[in-house]
Amino acid sequence: RPGLIVGPHDPTERFTWWLRRVHQGGRFVVPAPAAARVQFIDARDLADWLLLQAVNGSTGTFNLCGPDLPLSWGDWVARMVRALQPAAQPCWVDEPALLDAGVAAWMGLPLWLPAAEAGLHRVAIERALASGLRARALEETVRDTLAWALAQPAPPAGGPGLDAALEATLLA
C-alpha cells in the first residue's frame with residue numbers, strides 16, 4: 001500500500017509543484033505548523049523494495065511511505081530550500097488562513113491536509129522497513145525530480161498548487 005509516489009517521471013505535479021516553486025525563489029507559502037508530518041515515497045525506492053520482495057518471496061500487507069524516518073514539513077521545506085534554492089524564503093501560513101482563502105486540501109496546496117485529516121501523513125512503515133525498504137536521501141529525490149521536471153514542457157494552468165494571485169494574497 002504505497003502512499004504518494006513521487007520522483008522523476010511523475011506527471012501529477014502534486015510533489016513537483018513544490019520543487020518548481022522553491023526553485024523559482026522568493027517568498028512562498030507553506031502550511032503551518034512546521035511540526036506537522038508529511039510522507040511520500042520515491043518511485044525508485046518503491047521499485048527497489050518490490051524487486052527485493054519478489055526475490056525473497058515475501059507476502060503480506062505493507063505500508064510503503066517514506067522517508068524512513070518521520071519527516072516534518074519544517075524539515076522537508078528546509079532541506080528542499082537548501083538543495084534547490086537557498087535564497088527561497090518559506091512563509092508559514094496557518095490552517096484557518098489557508099481555509100479562509102479557499103485553499104483546497106491536497107491539491108490547492110499539494111500534500112497539505114488540514115489537521116483533522118493529517119493522519120494520512122502518519123502511516124506506520126516499520127514492517128516495510130524491517131523487510132528491506134530503504135529511502136534514498138531526500139535531497140537526491142528533489143534534485144532528480146526537479147531536473148526531470150525542468151526538462152518537460154510547462155504544466156498546464158489550473159493544476160495542483162497555488163496560483164500566483166492567491167499566493168500573493170496569502171503572503172500579504
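- Residues Ile5 and Phe15 are not in side-chain contact: their nearest non-hydrogen atoms beyond the backbone lie 4.5 Å or more apart.
- The closest side-chain heavy-atom distance from Leu166 to Val29 is not below 4.5 Å.
- The main-chain N or O of Ala115 is found under 3.5 Å from a side-chain atom of Glu95 such that the two form a donor-acceptor pair.
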Applying side chain to side chain contact (heavy atoms under 4.5 Å, CB included) to Thr141 and Arg44, what does each step give before you reach the verdict? CA-CA 9 Å; Thr141 296; Arg44 298 167 295 180; 4.2 Å; yes
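- A donor-acceptor pair is defined here as one N or O able to donate and one able to accept, closer than 3.5 Å; such a pair exists between the side chain of Gln39 and the backbone of Val123.
- In this structure the side chain of Ser131 reaches within 4.5 angstrom of the side chain of Gln53, judged on heavy atoms.
- Scanning all heavy atoms of the two residues, the minimum distance from Ala101 to Leu170 falls at CB-CD2, 3.6 Å.
- The shortest distance between side-chain heavy atoms of Trp76 and Val30 does not fall below 4.5 Å.
- Of all heavy-atom pairs between Pro31 and Leu98, the closest is CB-CD1, 3.8 Å.
- In this structure, the side chains of Phe40 and Cys65 stay at 4.5 Å or more apart for every pair of heavy atoms.
- Between the Arg134 side chain and the Leu129 main chain, a donor and an acceptor come within less than 3.5 Å of each other.
- Grouping the Ile, Leu, Val, Met, Phe, Trp and Tyr side chains by contacts below 4.5 angstrom, directly or via other members, places Leu133 apart from Leu52.
- Using a 4.5 Å cut-off on side-chain heavy atoms (C-beta onward), Gln152 and Pro11 make no contact.
- You'll find the side chain of Arg127 stays beyond 4.5 Å of the side chain of Asn63, heavy atoms only.
- Hydrophobic clustering, with ILVMFWY side chains joined whenever heavy atoms are under 4.5 angstrom apart, keeps Trp148 apart from Leu19.
- Looking at heavy atoms from C-beta onward, Arg79 lies in side-chain contact with Glu139 at the 4.5 angstrom threshold.
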Pair Thr12, Asp10 - check side-chain hydrogen bond (donor to acceptor under 3.5 Å, both in side chains), show working. CA-CA 6 Å; Thr12 67; Asp10 173 15; 2.9 Å; yes
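- The existence of a salt bridge linking Asp48 and Arg136 is confirmed by a sub-4.0 Å separation between a basic side-chain nitrogen and an acidic carboxylate oxygen.
- When ring centroids are compared, Trp112 and Trp18 stay outside the 6.0 Å threshold.
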